[in-house]
Amino acid sequence: MNNKPLALVFGGSRGIGAACVQALLRDGHDVALTYVSTAPAAQAGVRAYAADVRDAAAVARVFADAARDFGRAPHAVVANAGINVPPGPLAQFGDEPFRQLVEVNIVGAFNVLREGARQVANGGAIIALTTSLVRHAAPGLGPYSATKAAVECLVRSMAKELAGRQVRVNAVAPGPVDTDLFRAGKTDEAKARSAAMSPFNRVGTPEEVAEVVAFLVSPKASWVHGQVVQPNGGLV
């Protein structure tokens with residue numbers, strides 16, 4: 001019988017999510033991950049499922065398929081799937097980009113967290129990825145930051161609701177991280193400005209954020225609950 005704990009990473013095919021998959025594998029988990037369009041390369045201990053987190057039924061199917069394929073409920077759920085759109089002042093921000101942010105970052109996270117609350121094993125952990133920009137106001141990023149602030153509110157409430165099952169619920173709120181999403185559409189000057197937001201004068205790596213997620217999933221974080229942990233190099 002396989003006694004490894006199962007971790008389910010939504011948005012696990014690239015960037016921070018992919019780094020979380022590798023960290024959790026290293027720490028002895030089997031891992032189920034989701035992707036949108038391009039399946040990642042196969043590897044031992046990992047199964048990948050296509051899912052649009054905006055679709056509650058699709059999210060529920062991932063939980064059901066993973067439970068069937070691995071033979072057990074997830075011990076850890078990581079809600080990482082999210083998007084960003086080109087920044088802009090609120091007065092000029094378009095209806096469609098804002099709806100996209102809300103549908104993926106709020107509705108999608110709600111679907112994952114709700115199903116996670118239903119399906120995660122007793123004594124497990126749920127982690128949601130948000131952003132330090134919730135606490136570091138920046139022009140043009142209000143709509144994106146607002147969607148992540150909503151997720152933090154969900155996390156804090158869930159922490160109270162699931163404590164009776166000994167399920168720990170936390171958020172990880174990085175600063176700028178060197179991912180495809182971060183680099184998309186940015187000039188070298190814009191990247192330098194992001195690096196300068198930290199006193200270390202660099203942006204973070206996906207692996208640095210994944211280590212925080214792996215810690216929060218592990219028994220070492222047994223007394224960390226209802227928190228927003230910020231791996232941001234001193235941004236805030």
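Around atom NZ of Lys186, more than 12 heavy atoms belonging to other residues, nucleotides or ligands sit under 6.0 Å away. Counting non-hydrogen atoms of neighbouring residues, nucleotides and ligands closer than 6.0 angstrom, the CZ atom of Arg14 reaches no more than 12 such neighbours. With a 6.0 Å radius and a threshold of 12 heavy atoms from other residues, nucleotides or ligands, Asp95 has its CG atom at or below the threshold.
To the nearest 0.5 angstrom, Thr187 atom OG1 is 6.0 Å from Arg193 atom CZ. Summarising the geometry, atom CZ belonging to Arg183 is positioned 12.0 Å from atom CG belonging to Asp188; distances are rounded to the nearest 0.5 Å. Here CG of Leu216 is found 4.5 Å from CD1 of Ile127. Values are rounded to the nearest 0.5 Å. Put simply, CG on Leu25 and SG on Cys20 are 11.5 Å apart, with the number rounded to the nearest 0.5 Å.
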task = Could you walk me through whether Glu103 and Gln100 pass side-chain contact (heavy atoms from CB on, under 4.5 Å), step by step?
result = CA-CA 5 Å; Glu103 286 295 320; Gln100 291 173 358; 5.9 Å; no
task = Show your reasoning for whether side-chain contact (heavy atoms from CB on, under 4.5 Å) applies to Leu8 and Gln119.
result = CA-CA 11 Å; Leu8 180 45; Gln119 303 295 341; over 6 Å; no
ask   = After noting the C-alpha distance and the side-chain angles of Val228 and Val155, does the key distance pass the side-chain contact (heavy atoms from CB on, under 4.5 Å) rule?
value = CA-CA 9 Å; Val228 179; Val155 164; 5.8 Å; no
task = Apply the test side-chain contact (heavy atoms from CB on, under 4.5 Å) to residues Leu24 and Asp30: give CA-CA distance (whole Å), side-chain angles for both, the deciding distance (0.1 Å), then the verdict.
result = CA-CA 8 Å; Leu24 292 166; Asp30 284 331; over 6 Å; no
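Linking ILVMFWY side-chain heavy atoms closer than 4.5 Å, directly or via other members, places Val78 and Val120 in two distinct hydrophobic clusters. In the hydrophobic cluster analysis, where Ile, Leu, Val, Met, Phe, Trp and Tyr join through side-chain heavy atoms closer than 4.5 angstrom, Val62 is grouped apart from Val9.
Within the structure, ring pair (Phe, Tyr, Trp, His ring centres under 6.0 Å) pairs that include any residue of residues 183-233 do not occur (at least two apart or interchain).
Side-chain atoms of His136 never come within 3.5 Å of backbone atoms of Val236 as a donor-acceptor pair (strictly under, hydrogens ignored). Not a single donor-acceptor pair under 3.5 Å links the side chain of Asn80 to the backbone N or O of Leu129. The closest donor-acceptor contact from the side chain of Arg72 to the backbone of Ala121 lies at 3.5 Å or more, if one exists at all. Thr131 contributes no side-chain N or O that, together with a main-chain N or O of Val134, makes up a donor-acceptor pair within less than 3.5 Å. When atom types are taken as modelled, the side chain of Ser198 and the backbone of Gly233 share a donor-acceptor pair closer than 3.5 angstrom. Judged by distance alone, the side chain of Arg168 and the main-chain N or O of Ala221 form a donor-acceptor pair under 3.5 Å. Side chain of Asp178 to main chain of Pro206: no donor-acceptor pair is present (N/O by atom type, distance under 3.5 Å, no hydrogens or angles). A donor-acceptor pair under 3.5 Å is absent between the side-chain atoms of Ser157 and the main chain of Leu154, judged by distance alone. Looking at Asn232, its side chain never comes within 3.5 Å of a backbone N or O of Pro174 through a donor-acceptor pair.
A 4.5 Å side-chain heavy-atom check between Pro231 and Val172 finds at least one atom pair inside the cut-off. Residues Tyr35 and Pro40 are in side-chain contact: their nearest non-hydrogen atoms beyond the backbone lie under 4.5 Å apart. Within the 4.5 Å cutoff, the side chain of Asn122 has no heavy atoms near those of the Gln166 side chain. Taking 4.5 Å as the limit, some side-chain heavy atom of Ser132 sits within range of a side-chain heavy atom of Gln230. Between Val177 and Phe182 there is no side-chain heavy-atom pair separated by less than 4.5 Å.
When every heavy atom of Val167 is checked against every heavy atom of Gly123, the shortest pair comes out as CG2-N, 4.0 Å. For the residue pair Ala214 and Asp27, the shortest heavy atom distance occurs at CB-OD2, 3.5 Å. For the residue pair Ala79 and Leu113, the shortest heavy atom distance occurs at CB-CD2, 4.1 Å. A pairwise comparison of heavy atoms in Leu90 and Pro143 identifies CD1-CG, 3.9 Å as the closest pair. The two residues Val31 and Phe70 have their closest heavy-atom pair at O-CZ, 3.7 Å. The heavy-atom pair separating Val224 from Asn170 by the smallest distance is O-ND2, 3.0 Å.
Here Lys148 does not pair with Glu152 in a salt bridge; the nearest charged N to carboxylate O distance is not below 4.0 Å. Under 4.0 Å is where a charged nitrogen must lie from a carboxylate oxygen, and between Glu96 and Arg99 no such pair does.
The only member of Ile83, Thr130, Asn105 that meets side chain to side chain contact (heavy atoms under 4.5 Å, CB included) when paired with Thr147 is Asn105.
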Output a table of donor-acceptor pairs, distance under 3.5 Å, between side-chain atoms of residues 45-58 and any protein atom two or more places apart or on a different chain; print 'none' if there are none.
unit_1	atom_1	unit_2	atom_2	d
Tyr49	OH	Asp69	OD2	2.7
Asp52	OD1	Arg54	N	3.0
Asp52	OD1	Arg54	NE	3.0
Asp52	OD2	Arg54	NE	3.1
Asp52	OD2	Arg54	NH2	2.7
Asp55	OD1	Ala57	N	3.0
Asp55	OD1	Ala58	N	3.3

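Partners of Phe110 under the ring pair (Phe, Tyr, Trp, His ring centres under 6.0 Å) rule, at least two apart in sequence or in another chain, do not exist in this structure.
In this structure, Phe98 and Phe93 have perpendicular ring planes: the angle between them is above 60°, well past the 30° mark.
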